[in-house]
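Every value quoted in this text rests on a predicted model; they were computed, and no experiment measured them.
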Amino acid sequence: MKNIDAYRKVCVTAGGMTWCFKALDGTLLEKPEGATDKMTEAVTEIAKKQTELISGTSTDSFKIMDTEIPVYIERVLDLTVGEVLTETAKEFPDQEALITFEGDRRVTYKDFEDDARAMAKYLLSAGVKKGDHVGLWMANGIESMVATYAIAKIGGVVIAFTPYEKVEKMEVMVRRDQISTFFLYKGAKKTENIEMFANDMYPEIKTQKYGELNFEKAPTIKRVILVGAEGSEYDYPGVFDYEKALELGRSMPDADLEAAQDAIDVHDLAFVIHTSGSTGFPKSVMLSHLNVVENSNTMCDMMGLTHEDKMMIQIQLFHTFGSVASGLTAINRGMPMVLARRFKPADSLVAIEREQCTVVSGVPTMFIGFVEELKKNPDKYHVECMDKGITAGAPCPEKMVHDIEDVMHVKHLITCYGLTETGPCVSGTKPDDTAVIKGTTVGQICPGVDVKFIDPETLEEVPEGTPGEICVKGYGLMLGYMGDPVKTRDTFTDDGWLRTGDMGYLDAEGNLRLGDRLKDIIIRSGENISPGNIEKFILDIPGVVDVYAIGVKNYKYGEIVGAFVKTEEGSDLTAEDIRDACDGNIPTLSIPTYYWFVGEGKDIEDFPYLTNGKVSKPELRKIAEATKDQKTQLSAHKPKK
C-alpha cells in the first residue's frame, strides 16, 4: 500500500471525552458531543504535536480556568487485517498474489479479495460471528490464505495449528482455544489430517450433520470445512466442501459483510498464535489487528519491499513469522507470494528459480539448508534473482551471513529479533549494514518499540551497556495468553513491560546485542556459562556448519557443557580437534566435555526441530541425558606432549 499513512489517526482523551484527528494533516475527524470550543482548541494543539507516524501512546495536559486537565493520547494505524487486503487489491488488482509451490495455480489480488469476501459471506450465513474462534489445520496454500483473510474480514479470530501436530496435543489445544469452526486440507502429506480428525479425535463427524455437530471432546465445534471434500471418501455428513462454501458466498449480498467489517476495531483480537512450545506446552498468544498490521508495515519499511518484489514464504502460516512477517508483509506491499507447504531446500530453490523470487524468509537453519544445497550442486540452480532476505528466530553468526550473501546472492539480508508475544519484530538490522553488524547484533530497535534491561532477580534496571533481561513496551505487545491469566500476569512487570526471558544490551551504536535465553544458561558449580559464546567460537572453526551447546546433568558439578556439532560433508573434524581449538581461547569451564556429531551415519541423523524450524534445545538435552553414558568425557585441556 502506497498510502498507508492516510489511515493513521491521533485520538486524544481528556475530561472523559475523546477527539480523533487525521495524523497526516490534523483534520478533526470526530468531536465528542458536549465538548466546548476551548477544550477542542486545546486538544487540537496537543494533537498537532504528534508528528511520529507510528502507533503508540503518551500523556500530556492542558489548563482551562487554572484547572490542570490530564490528557491521554493514542496514535493508531486504523486499518484491519482484512482491510489491508482490500486496499491492496484496489491498488494492484491484476498483480499475482498467491502462487502454489508447484506453480500450477496462480491467483491475482482481485481474485484473492473476491474469494476472501465470498468465504466471509458464507461464514456469516453459517452463523460464524465477530469474536468466534476459527481453526485452520492447514499447511501453506491458496485456500489457507483465503480462509485466513475471510475470517479476519468478519471479525473472527484466526487460530492456526501446525499441520504436523499430534492427536493428543491437538485435542488439548482445540478445547483450550474454544474452536467453533475448522478449516482443513485433507492432510499435509496426503490425508492424515482428516483421518486423524475423523478416526482418532472426533468420530462423530461421520454420523452427525454439519452445523449440528456436538463432539464429546470438543463441544464448541459446530462446523468443519474441508478442501476437496465433495465426492471424496471424506465427504462425511459433518463436513462441508470448501468450494461449495465459496460458491454459495459468491451469490450472497454484501450488506451483512459490510456491517461486520464496520464493527471491527483495530484493537480487537485478530490472531491466536501458538508458541513453539520449546519450554513446555504451547501457549496461545493473542494478537490484535493493530499489533500485526503495524508490525508488518514496519517490516516492509525495514526491508525496502515494493510490489515489484516476489517472496518465497518458507515459514508456515501458523507461526507469527509466517503469518505476519511474511504473509501480511507481502500483502501490505502487493507482492506475489510463493507458498511452500514444507521446507526442502532443493525444492524451494527450484521454485525460487522458476518464479524468480527476489525475497526469501526463513530461520537460520533454513538458510543453512540453502547454502549446503548450493555448495553441493553449484551449477544446478540459477538463483541470482534473490536479493532481499529476512532471518529471525535464532542467532545468525557472521560466518553464516557471509555464506548467505556470497553463496545465495542475498546481498540485502536483515537479521531481526522478536517474539510471538511482541507481534513479532522488536529490532532489525538494515539491508546495507555490514556482515559484522548483521552477524553480531540484531540491529536497531523498531519505531514505536521501547526496551529496557533489568536484573532478572531484582527487576531493577541495569547500567547502560550492561547485559540484562530484555523488557519490551509498545504497540506490538500481545493482549495476553488465552486461557492463562496467571502466565499472562507473570510475563508482565507491574508497570506493563513484557519480560522476554532473553538477555541483551544496546551497544554504543544503538544496536541490540543478544545474550542467552535465561532458561538456556548452563550453571556449573554455581558459575553461569553462556552457550551462545561457546557456539560463536566453535562455529568459526573450519569445517563446522552448525553447533548448539547445552547443559548436561552431572552429579559433581550440577551441569557440564555438551555440544552437538554438524560439520561440512567430508570433514574429518573430531571432538579432540574441537576441544584443542577451544583450549586457551574460551574459558576452561566453557569447553565442552561431551560431543555429539550430527549427520548421516553419525550420533544423530539431524537436529530435532520445533514446528517453526528452530532447533529444540530441550530435545537436545533429552538426547544428551539418554546417551551420555555411551560418550567419552574429554578433559578441557588437550594432553601435553
Side-chain angles (χ1 to χ4, degrees), residues 1 4 79-89 92 95-101 106-109 112-113 115-116 119 134 136 138-153 157-163 183 270-274 285 287 289 291-300 302-303 305 307 309-343 348 351 355 357-363 366 388-393 416 418 420 423-425 476 611-613:
M1 293 175 61
I4 196 166
L79 197 65
T80 67
V81 171
E83 288 171 335
V84 173
L85 174 58
T86 299
E87 295 306 311
T88 297
F92 304 108
Q95 171 91 303
E96 286 185 340
L98 307 174
I99 304 166
T100 58
F101 198 42
R106 316 175 88 83
V107 175
T108 66
Y109 269 101
F112 183 10
E113 166 73 1
D115 283 357
M119 185 58 74
V134 183
L136 276 68
M138 310 172 88
N140 289 358
I142 290 173
E143 292 83 4
S144 56
M145 288 292 285
V146 169
T148 294
Y149 285 82
I151 297 161
K153 283 179 180 293
V157 180
V158 180
I159 306 183
F161 299 86
T162 166
F183 281 88
F271 286 94
V272 170
I273 306 286
H274 299 110
V285 177
L287 298 174
H289 291 264
N291 293 153
V292 298
V293 173
E294 186 73 274
N295 207 279
S296 73
N297 188 59
T298 295
M299 300 301 298
C300 291
M302 288 169 62
M303 297 182 71
L305 301 177
H307 69 282
D309 285 304
K310 181 182 283 190
M311 183 182 285
M312 166 60 75
I313 297 183
Q314 314 288 341
I315 308 290
Q316 293 292 311
L317 298 172
F318 62 80
H319 189 270
T320 187
F321 194 174
S323 57
V324 181
S326 299
L328 185 56
T329 294
I331 294 169
N332 197 307
R333 289 298 187 266
M335 296 164 52
M337 294 163 274
V338 182
L339 303 166
R341 292 190 309 279
R342 194 164 191 167
F343 179 66
S348 289
E355 298 294 339
C357 294
T358 61
V359 185
V360 61
S361 62
V363 295
M366 293 178 171
K388 302 172 184 177
I390 174 174
T391 184
C416 293
T420 305
C425 195
T611 56
N612 58 16

Original post:
Is a side-chain N or O of S296 found less than 3.5 angstrom from the main chain of V293, in a donor-acceptor match?
Top reply: yes

**OP:** With sequence neighbours left out, write down each residue that passes side-chain hydrogen bond (donor to acceptor under 3.5 Å, both in side chains) with T320, or none if nothing qualifies.
**Re:** none

**OP:** Measure the CZ-CD1 distance between F183 and I151 for me, rounded to the nearest 0.5 Å.
**Re:** 5.5 Å

Subject >> Any residue meeting ring-ring contact (aromatic ring centres under 6.0 Å, His included) with F318, in chain and number order, not counting sequence neighbours >> reply: none

Original post:
Sub-3.5 Å donor-acceptor pair from the side chain of Q316 to the main-chain atoms of R341, do we have one?
Top reply: yes

Original post:
What heavy-atom pair brings V338 and C357 nearest, and what distance separates the two atoms?
Top reply: CG2-SG, 3.7 Å

**OP:** Supply the atom-to-atom distance Y109 OH to H307 NE2, rounded to the nearest 0.5 angstrom.
**Re:** 11.0 Å

**OP:** Please report the closest heavy-atom contact between G423 and V324, naming both atoms and the distance.
**Re:** O-CG1, 3.8 Å

Subject >> Of all pairs that satisfy salt bridge (charged side-chain N to carboxylate O under 4.0 Å, His left out), the ones with a partner from residues 140-152, not counting sequence neighbours >> reply: R105-E143

**OP:** Output the distance between atom SG (C300) and atom CG (L328), rounded to the nearest 0.5 Å.
**Re:** 8.0 Å

Subject >> CG-CD1 distance between L79 and I4, expressed to the nearest 0.5 angstrom >> reply: 5.5 Å

Original post:
For E355, what residues pass the side-chain hydrogen bond (donor to acceptor under 3.5 Å, both in side chains) criterion, not counting sequence neighbours?
Top reply: R106, K310

Original post:
In chain order, what residues pass the side-chain hydrogen bond (donor to acceptor under 3.5 Å, both in side chains) check against Q314, with sequence neighbours excluded?
Top reply: S348

**OP:** Decide yes or no for E113 and K153: does some side-chain heavy atom of the first lie under 4.5 Å from some side-chain heavy atom of the second?
**Re:** yes

Original post:
Listed by chain and number, what are the ring-ring contact (aromatic ring centres under 6.0 Å, His included) partners of F101, not counting sequence neighbours?
Top reply: none

Original post:
What are the two closest non-hydrogen atoms of I315 and G362, and how far apart are they?
Top reply: CD1-CA, 3.9 Å

Original post:
What pairs with F271 under ring-ring contact (aromatic ring centres under 6.0 Å, His included), at least two apart in sequence or on another chain?
Top reply: none

Original post:
Can you tell if the side chain of R333 reaches within under 4.5 Å of the side chain of N297, non-hydrogen atoms only?
Top reply: yes

Subject >> Closest contact, heavy atoms only, T88 versus G334 >> reply: CG2-CA, 3.5 Å

Original post:
Who pairs with L317 by side chain to side chain contact (heavy atoms under 4.5 Å, CB included), at least two apart in sequence or on another chain?
Top reply: N140, S144, M145

Subject >> Spacing of T148 atom OG1 and M119 atom CE [to the nearest 0.5 Å] >> reply: 11.0 Å

Original post:
Do you know which two heavy atoms are closest between P424 and N295, and how far apart they sit?
Top reply: CD-OD1, 3.5 Å

**OP:** Give the C-alpha distance, both sets of side-chain angles, the deciding distance and a yes or no for side-chain contact (heavy atoms from CB on, under 4.5 Å) between T391 and M366.
**Re:** CA-CA 9 Å; T391 184; M366 293 178 171; over 6 Å; no

**OP:** Sequence neighbours left out, what pairs pass salt bridge (charged side-chain N to carboxylate O under 4.0 Å, His left out) with at least one residue falling in residues 321-332?
**Re:** none

Subject >> Minimum side-chain heavy-atom gap I331-Y149 below 4.5 Å >> reply: yes

Subject >> Nearest heavy-atom neighbours spanning I390 and C416 >> reply: CD1-SG, 3.9 Å

**OP:** Find the distance between OG1 (T80) and CD (E87) and round it off to the nearest 0.5 Å.
**Re:** 9.5 Å

Original post:
Taking only residues two or more places apart in sequence, or in another chain, which ones meet E83 in a salt bridge (Lys or Arg N to Asp or Glu O under 4.0 Å)?
Top reply: none

Subject >> Residues that D309 engages under side chain to side chain contact (heavy atoms under 4.5 Å, CB included), provided they are two or more places apart >> reply: L305, T306, M335, T358, V359, K388

Original post:
For residues 321-331, which residue pairs qualify under side chain to side chain donor-acceptor pair (under 3.5 Å), counting only residues two or more places apart or in two chains?
Top reply: S326-S361

